[in-house]
2 protein chains.
Amino acid sequence: MGMDDRKLRILQAIIDDYILTAVPVGSRTISRKYETSLSSATIRNEMSDLEDLGYLDQPHVSAGRIPSAKAYRLYVDQLLQSGRITADSSDTIRTHFANRVQQMERVIDQAAQVLSTLTGYTAVVLEPGGKQPRIRNIQLVSVSPGSALAIIVTDAGLVRDHIISVPRNMDSDELYTISRALTEALSDCTPQQACDRIPILMARMEGNAAVLQSFSGLMSEARDGDSHRRVAVGGVSNMLAYPEYSDMEKARSFLSLIETRDKLASIIAQKGDVAFTVRIGPETGVPEMSDCSIVTATYSTRSGRQGTIGVIGPTRMQYSRVLSVLSGMGQQLSELFGSNEEKQ
Amino acid sequence: MGMDDRKLRILQAIIDDYILTAVPVGSRTISRKYETSLSSATIRNEMSDLEDLGYLDQPHVSAGRIPSAKAYRLYVDQLLQSGRITADSSDTIRTHFANRVQQMERVIDQAAQVLSTLTGYTAVVLEPGGKQPRIRNIQLVSVSPGSALAIIVTDAGLVRDHIISVPRNMDSDELYTISRALTEALSDCTPQQACDRIPILMARMEGNAAVLQSFSGLMSEARDGDSHRRVAVGGVSNMLAYPEYSDMEKARSFLSLIETRDKLASIIAQKGDVAFTVRIGPETGVPEMSDCSIVTATYSTRSGRQGTIGVIGPTRMQYSRVLSVLSGMGQQLSELFGSNEEKQ
DNA sequence: GTTAGCACTCGTCGGCGTTGAGTGCTAACC
DNA sequence: GGTTAGCACTCAACGCCGACGAGTGCTAAC
C-alpha cells in the first residue's frame with residue numbers, strides 16, 4: 001500500500017481544510033468540497049489507509065481525522081520543493097522600512113510587528129549575531145565625577161554602552177586620550193581577543209590601570225553575553241485567538257516561554273545556511289511548543305552576520321503564506337542592513 | 001446610617017477574604033473566620049447596609065458579596081494614610097542589582113522581572129524621562145564608506161545611536177573633528193535647542209553641510225520621539241493564572257494592550273510628585289483594564305529625571321504587598337541611578 | 001441591638017436522553 | 001478490483017432536569 005497520487009490529493013485537501021477550520025475533517029466534507037468525483041465511502045477507505053501510514057490521527061472514533069505532524073512535514077517539504085513560495089512584496093513590508101533612517105533596535109521591533117500582523121501569528125525577530133562582533137571604536141565619555149560611559153561600536157554598527165567607574169579626578173581630555181589608545185589597540189578585536197590583550201595594555205598604560213580594570217570586566221561580560229542577542233516579539237495576543245489555546249494552562253506556559261527571552265532566542269536562533277527552517281510540533285524540541293510550529297528564515301548584513309526572523313503558530317499554520325511573508329521580510333531586512341553598511 | 005467602626009472592620013474582612021479567594025464572600029464566612037463574636041445574621045444586616053452605601057456588589061441574589069471599586073478605594077486610602085507600608089527590602093531586590101555594573105536597558109528589564117515574580121502580577125518599568133534630555137557628547141564613528149554611526153550621550157547616561165549618511169570620501173579623522181565641533185556647539189542643549197542651532201552651525205562649517213543635514217534630521221526625530229521612552233514588561237503570563245482572566249476575550253484584549261508599548265507607556269506614566277498612584281478598575285480610564293488595578297511609584301535619578309515602576313493586577317490585588325514591594329524597588333532604583341551619576 | 005429560624009433564590013454539578021457527525025464493514029455494482 | 005450505497009455503531013456535544021448547597025432577607029424572640 002503506497003502513496004499514490006490520489007491519496008496525496010486527499011491528504012492535501014484534509015490539511016487545507018483543517019488549517020482553515022481547526023475542526024477534524026470527515027470523509028463527507030472532502031467528497032463534497034474537494035474530490036467531488038469520489039463518494040464519501042471511497043474517501044473513507046483512503047483515509048483509513050492514510051491513517052495506517054501515519055499521516056492522519058483520529059481524536060476519537062466518531063470524529064473526523066486531523067493531520068499528523070508527519071503529514072505537515074510532507075506538506076511543507078512539497079511546498080518547499082515546488083518552489084512555489086514567492087517572496088511576499090506587498091507594500092506593508094516595503095513602506096515600513098522605506099526612507100527612514102532607523103535605529104537597529106527599532107527596525108527589529110517593527111519587523112516583528114509587521115510580521116505578526118501580516119501572518120496573524122506570533123513573530124520573533126532576532127538581531128544579527130553569530131560571528132563574534134569586532135570592535136571598531138571605543139569611546140569613554142564622562143557622565144559624572146567618578147564614572148564614565150564606555151561606548152563600544154562594533155562592525156555591525158551595534159552599540160554597547162556601560163557605565164564604568166574611573167578615578168574621580170579624571171577629566172574628559174584624559175578620557176579621550178584613553179579612548180584613542182584603546183581604539184587603536186583593540187580595533188578589529190573580538191571581545192575575547194580584547195580580554196587577552198588588556199593585561200598587556202595595562203603594563204603599557206600603567207597610570208590608567210583602574211580604568212582598564214573596569215573595562216576588562218565589561219569586555220569579559222560582552223564575550224560571555226553573546227547569547228543576549230536582542231530579540232523582538234510581536235503579536236503574542238494573536239495566539240490566544242486560536243482554539244488550540246482555549247486551554248488556559250497551555251496558553252500560560254506558552255506565554256511564559258515567550259517571556260523568557262533568552263530561551264526564546266536560543267529556540268529561534270537558526271543554525272546552518274538554509275533559507276528556511278520549518279519545525280513542526282514535536283520537532284521543535286520544546287515541550288511547551290509541542291503543538292506549535294516554528295518557521296524561521298534568515299537575513300544577513302553586509303558583514304556576513306546573520307539574524308533570524310521567525311513565526312510561531314499552531315501546527316495547522318498557513319505555511320505557504322508564512323513562508324512567503326518571511327521570505328519577503330528577509331529580503332527587505334537584508335537590503336536594509338546591507339545598504340546601511342555600504343550606501344552611496 | 002453612617003460608617004461606624006464595625007462596618008469598617010467587616011468591610012475590611014470581606015476585602016481581605018475576597019483578595020485571597022476571588023470568590024464572593026458570604027456572611028457566614030465572615031462570622032466564622034473574622035468577626036467570631038458576631039453571628040452571621042448580624043453580619044448579614046451590616047452587609048446589607050454596606051451594599052446600600054455602595055461598598056459591596058452582589059453578583060446575584062444567592063451569592064456572597066464582592067467589594068466594589070469604591071470599597072477598594074477606601075481600603076487603599078486607609079492603607080496609604082496608616083503609613084503601614086514599609087519598603088520591602090528583601091534580598092531579592094537588593095541582590096539583583098548589587099555590585100554589577102549595568103546597562104540601563106538591562107536594569108529596567110530586570111526590575112520588571114523582579115517586580116513581577118515578587119508580586120505575582122504583571123510589572124511595567126518605564127525608563128526615566130520627562131525632562132528633555134541634554135546632550136553631553138556627540139560622536140560620529142565611521143562604519144562603512146558613506147555611512148557613520150552617530151552616538152549621542154545624554155545627561156542621564158542614555159545613548160541614542162543612529163546611522164547617518166556622510167560623504168563617501170570622509171575619513172575617521174574628519175569625522176572626529178566634526179564630532180568635536182558638534183559636541184562643543186551643542187553640549188548641554190536639548191534636542192529642540194540643537195535643532196534651532198544647527199542652521200547657524202551650517203553656516204560656520206559649510207564644508208560639512210551634508211553631515212549636518214543628516215544630523216539635524218536625527219535631532220528632530222529625537223525631539224519628537226520623547227514619548228518613545230523604553231518600557232520593560234515582566235510577568236505577563238502571571239495574569240492568565242487569575243480566574244478573572246479565564247475569559248479568553250478579556251485576556252486577549254489585555255495582552256494586546258500590553259503589547260502596544262506606546263499606549264502602555266502613556267497609561268503607566270505617572271504625572272505629579274506623589275509617591276504612589278493607585279488606580280482601581282474604572283479609575284484607570286482604560287476600558288481594557290476596567291477590572292484591573294494599576295499601582296505605580298516613581299524613582300528618580302540624580303539629575304531629577306523621573307521613571308515609573310508599576311504593577312498591573314486584578315482589582316482584588318494584594319495592595320499592601322504590592323505597595324511595599326514597589327516602594328522597595330523604587331528606593332533601590334533611585335539609589336542605583338543616583339549613584340551612577342555621582343559615584344565616589 | 002443581636003440572634004435563631006425559616007422560607008426562598010439561584011448558580012453549580014452530575015446524570016440522562018437526544019442528536020448528529022463520522023466511522024467501519026459488508027454487499028452489490030460497474 | 002476499484003467504487004459505492006447502506007447500515008449499524010460510536011461518541012462528543014447539547015440541552016434538560018433535579019438535587020444540592022451556599023447565601024440572602026425577613027421575622028420573631030431574646
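What you see is a predicted model; the values in this text were computed from it and never measured. Chain letters run A, B, ... following the sequence lines, proteins first and then strands; every chain starts at 1. Keep in mind that the numbers below use all heavy atoms, side chains included, and drop hydrogens, waters and symmetry copies.
Rounded to whole angstrom, the span from the CG atom of B:Asp5 across to the P atom of C:dG1 amounts to 16 Å. The distance between atom OH of B:Tyr18 and atom P of D:dA22, rounded to the nearest whole Å, is 19 Å. If you measure from atom CG of A:Leu56 to atom P of C:dG24, you get 11 Å, rounded to the nearest angstrom. Nucleotide C:dT2 holds its P atom 11 Å from the CG atom of B:Asp49, rounded to whole Å. Between B:Ile14 atom CD1 and D:dG23 atom C1' the separation is 13 Å, expressed in whole Å. Between A:Glu51 atom CD and C:dG22 atom P there is a gap of 15 Å when expressed in whole angstrom units. Spacing between atom CD1 of B:Ile10 and atom C1' of C:dT2 amounts to 12 Å, rounded to whole angstrom units.
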> Reading nucleotides 8-16 of chain D from the 5' end, what letters show protein touch, with B for base, S for backbone sugar-phosphate only, - for no heavy atom under 4.0 Å?
Replying inline: --BBS----
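Listed by residue number, A:Ser37, A:Leu38, A:Ser39, A:Ala41, A:Thr42, A:Arg44, A:Asn45 are the residues of residues 20-48 of chain A with a heavy-atom contact under 4.0 Å to DNA chain D.
Taking side-chain N and O atoms only, B:Arg65 has a distance below 4.0 Å to OP1 or OP2 of D:dT24.
Side-chain contact check for A:Thr29 and A:Tyr34: no donor-acceptor pair (N or O, by modelled atom type) lies under 3.5 Å.
A distance of 7.0 Å separates CD1 of B:Ile294 from SG of B:Cys292, quoted to the nearest 0.5 Å. To the nearest 0.5 angstrom, A:Asn45 atom CG is 10.5 Å from A:Leu38 atom CG. The CZ atom of A:Arg261 lies 11.0 Å from the CG atom of A:Leu126; values are rounded to the nearest 0.5 Å. Atom-to-atom distance recorded for A:Ser290:OG and A:Ile280:CD1 is 13.5 Å, nearest 0.5 angstrom. The line from OG of B:Ser40 to CD1 of B:Ile30 is 11.0 Å long, rounded to the nearest 0.5 Å.
For A:Lys250, the side chain to side chain donor-acceptor pair (under 3.5 Å) partners two or more places apart in sequence, or in a different chain, are A:Asp291.
Counting only residues at least two apart or in different chains, salt bridge (Lys or Arg N to Asp or Glu O under 4.0 Å) contacts with residues 27-39 of chain A comprise A:Arg9-A:Glu35, A:Asp17-A:Lys33.
Remark: the backbone N or O of A:Val325 is not paired with any side-chain donor or acceptor of A:Asp88 at under 3.5 angstrom.
Here the rule is side chain to side chain contact (heavy atoms under 4.5 Å, CB included) with A:Pro67, and of A:Tyr55, A:Tyr72, A:Tyr75 only A:Tyr72 fits it.
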>> Could you go through B:Ser237 and A:Glu259, starting from their C-alpha distance and side-chain angles, then the distance that decides it, and tell me whether this counts as side-chain hydrogen bond (donor to acceptor under 3.5 Å, both in side chains)?
In response: CA-CA 8 Å; B:Ser237 61; A:Glu259 274 196 303; 3.1 Å; yes
>> Assess the residue pair A:Thr42 and A:Ser39 against the criterion (side-chain hydrogen bond (donor to acceptor under 3.5 Å, both in side chains)); give the C-alpha distance rounded to whole Å, side-chain angles, the decisive distance to 0.1 Å, and a yes or no.
In response: CA-CA 5 Å; A:Thr42 311; A:Ser39 82; 3.3 Å; yes
>> Could you write out DNA chain D as dot-bracket? Rules: Watson-Crick or G-U wobble, both distances under 3.5 Å, brackets [ ] for crossings, | for pairs with another strand, dot for unpaired.
In response: ||||||||||||||||||||||||||||||
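The pair A:Arg65-A:Asp57 does not meet the salt-bridge criterion, since no charged nitrogen lies less than 4.0 angstrom from a carboxylate oxygen.
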Distances under 3.5 Å between protein N/O atoms and the N/O atoms of nucleotides 27-30 of chain C, please, pair by pair.
none

